[in-house]
Amino acid sequence: MSATAASTLDSLIRAMTPDEAARTLAARHREEIEDWLTSDLGIIRMRETGSWHHGTALDRFSDLDYFVTMPGIRPNFSSTTLEVLRASLARGIQGASVSIDRPAVRLRYFGDGPDVEITPAYFQNTDDYDIPDPSGIGWIRSNPAVHLEYVNRAQQETDGRAKGLIRLAKTWRAWNNVPLSSFYLEIRTAQYALGNKPIIYDWDLRNLFKSLSSNGLREMNDPTNYGRRIATGTSSVTESILAKFAVDEAARLAALARGAAEAGDHASAVGHLVRLFNVQS
C-alpha cells in the first residue's frame, strides 16, 4: 500500500518516540547523578520533569529534565546554588561536560544519551518550588505538576491524540532548527488540542500552524493560570523573524498537504509533508 499523509504522520510519531534502549540509558544516567548528588550534597529528592515526564519527548533531541530539592536555606542569589551544583556534578560525573544554563546545570555526555538538565529547587509547599530565574539573578516560583496535569488532560480529552500532535510540532521544530522553545510549542499545541476535538493529525497540523501564523508568535498566558507568561524562546529580533518565517512556511506546506490528501493525491500530500518536516533522504 502506498503511503498517505495519515500513515506518514503516524510513522513520524513512532520514529520520534524514545524506545526502550533510550529509556534504559536515561535511567542509568539518572541513577548515577542521583546517587552522586545524594552523597555529595545531601539532596532531598530528585524528580523528573519536562518532556520525558510528560510523554512528549523526541528520540535523540529532547533533554532529560530534573528538579533536585536542595537542603538548607535558599540563598538570596540563585547563582550561588547553581555554582554549587555545577561544581559537584563536575567532580562526580565522568564522561560529560558540565555547565550552567539557566535555570539549570546542563550535562552533555560525550557518548550516547540525551543531554541532562538539573534544576536546583527549594521546596515551599505542596508542589511549589523556588528555582533560579531564567533571566535574572534571583528566584521564581515553579510547580512542575500543573503542566503535566494540563498535557495529560489534553491527552485524555482527545482520546490519546494530543501528545502525538505535540510530537509532530516538536519534530518540525527540531528538524528545521526553528528557534522556538520546546515548552512553548508543547503548551500552545496542548491548548490548541483541547479546543479542537477530535484530533485528526493532517487536518489539525494544518490548523495548528495556521493558528500560530495568524495569531503571531507572542508570549502566551499560562493556561494553567500558574506562574508567569510563557515566552516563545526567541532571544533576538533575528530569531523572531526566522521563527515567524518558519511558521508561515509550515502553515503553507501543511495546507498544501491537506488539500492534496482531500483530492486523493497521496504522493503530493506526502511530498509536501517531506518538505514541511525537512526529511533528509
Side-chain angles (χ1 to χ4, degrees), residues 3-17 51 54 56-62 151 154-155 158 161-220 223 230-263 265-281:
T4 64
S7 68
T8 298
L9 294 175
D10 285 339
S11 295
L12 277 176
I13 293 168
R14 287 194 299 271
M16 296 307 292
T17 301
S51 60
H54 292 181
T56 59
L58 298 184
D59 192 33
R60 303 182 304 280
F61 283 95
S62 294
V151 172
Q155 179 76 346
T158 59
R161 303 210 27 113
K163 291 183 181 181
L165 188 62
I166 290 169
R167 273 206 173 96
L168 289 173
K170 287 184 169 185
T171 298
W172 163 79
R173 168 189 172 272
W175 286 0
N176 288 280
N177 296 310
V178 181
L180 288 173
S181 158
S182 176
F183 178 66
Y184 172 81
L185 201 56
E186 175 162 332
I187 300 302
R188 282 289 297 259
T189 306
Q191 185 182 52
Y192 168 87
L194 281 166
N196 293 274
K197 297 169 281 188
I199 296 298
I200 302 169
Y201 289 137
D202 60 333
W203 183 288
D204 286 290
L205 197 64
R206 176 196 64 183
N207 291 347
L208 171 64
F209 284 124
K210 180 180 178 181
S211 70
L212 288 171
S213 176
S214 300
N215 297 334
L217 294 173
R218 298 183 296 272
E219 289 187 350
M220 63 181 293
I230 299 173
T232 64
T234 58
S235 58
S236 66
V237 173
T238 299
E239 285 194 348
S240 296
I241 293 171
L242 289 172
K244 182 63 167 65
F245 175 81
V247 166
D248 290 346
E249 180 65 2
R252 185 183 74 84
L253 289 169
L256 288 173
R258 179 59 194 168
E262 289 176 342
D265 186 354
H266 300 303
S268 293
V270 171
H272 293 311
L273 291 176
V274 166
R275 288 188 289 279
L276 168 63
F277 286 99
N278 194 27
V279 177
Q280 301 300 312
S281 57

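Note that the structure is a prediction, hence the values are computed from the model and not measured. The chain is numbered in sequence order, starting from 1.
- Side chain of N278 to backbone of N176: no donor-acceptor contact under 3.5 angstrom is found.
- Side-chain atoms of R161 never come within 3.5 Å of backbone atoms of P198 as a donor-acceptor pair (strictly under, hydrogens ignored).
- Of the residues listed (N215, L212, L208), the one engaging V247 in a side chain to side chain contact (heavy atoms under 4.5 Å, CB included) is L212, and it is the only one.
- Considering every non-hydrogen atom in both V279 and W175, the closest pair reads CG2-CZ3, 3.8 Å.
- The distance from atom CD1 of I199 to atom CD1 of I166, rounded to the nearest 0.5 Å, is 9.5 Å.
- Q191 places a side-chain heavy atom less than 4.5 Å from the side chain of M220.
- The minimum heavy-atom distance linking H272 with A260 is given by the pair CD2-CB, 4.4 Å.
- Atom-to-atom distance recorded for H54:NE2 and I187:CD1 is 6.5 Å, nearest 0.5 angstrom.
- At a threshold of 4.5 Å between non-hydrogen side-chain atoms, the residues L276 and L205 count as touching.
- Counting only distance, with no hydrogens or angles, the side chain of T189 and the backbone of L185 share a donor-acceptor pair below 3.5 Å.
- The neighbour count for W203 CH2, taken as heavy atoms of other residues, nucleotides or ligands under 6.0 Å away, does not exceed 12.
- When every heavy atom of L58 is checked against every heavy atom of A174, the shortest pair comes out as CD1-CB, 4.1 Å.
- For the residue pair R14 / T17, no side-chain donor-acceptor distance below 3.5 Å is found, with atom types taken as modelled.
- At a threshold of 4.5 Å between non-hydrogen side-chain atoms, the residues N207 and Y192 count as touching.
- A donor-acceptor contact shorter than 3.5 Å is absent between the side chain of Y201 and the backbone of S7.
- Rounded to the nearest 0.5 angstrom, S181 OG and E219 CD are separated by 11.0 Å.
- Across A15 and D59, no two heavy atoms sit closer than the pair O-CB, 4.2 Å.
- The side chain to side chain contact (heavy atoms under 4.5 Å, CB included) test with S51 singles out one residue from E186, K163, R167, and that residue is E186.
- Distance check: W172 CH2 to L12 CG gives 14.5 Å after rounding to the nearest 0.5 Å.
- Once rounded to the nearest 0.5 Å, the distance linking OG1 of T4 with CG of D265 reads 12.0 Å.
- In this structure, A190 and V151 approach most closely via the heavy-atom pair CB-CG2, 4.5 Å.
- Going from atom CE of M16 over to atom OG1 of T56 covers 12.0 Å, rounded to the nearest 0.5 Å.
- When side chains are defined from C-beta on, F277 does not count as touching L253, because their heavy atoms never get closer than 4.5 Å.
- The pair D248-K244 meets the salt-bridge criterion, since a charged nitrogen lies less than 4.0 angstrom from a carboxylate oxygen.
- Taking each heavy atom of A193 and T158 in turn, the nearest pair found is O-CG2, 3.7 Å.
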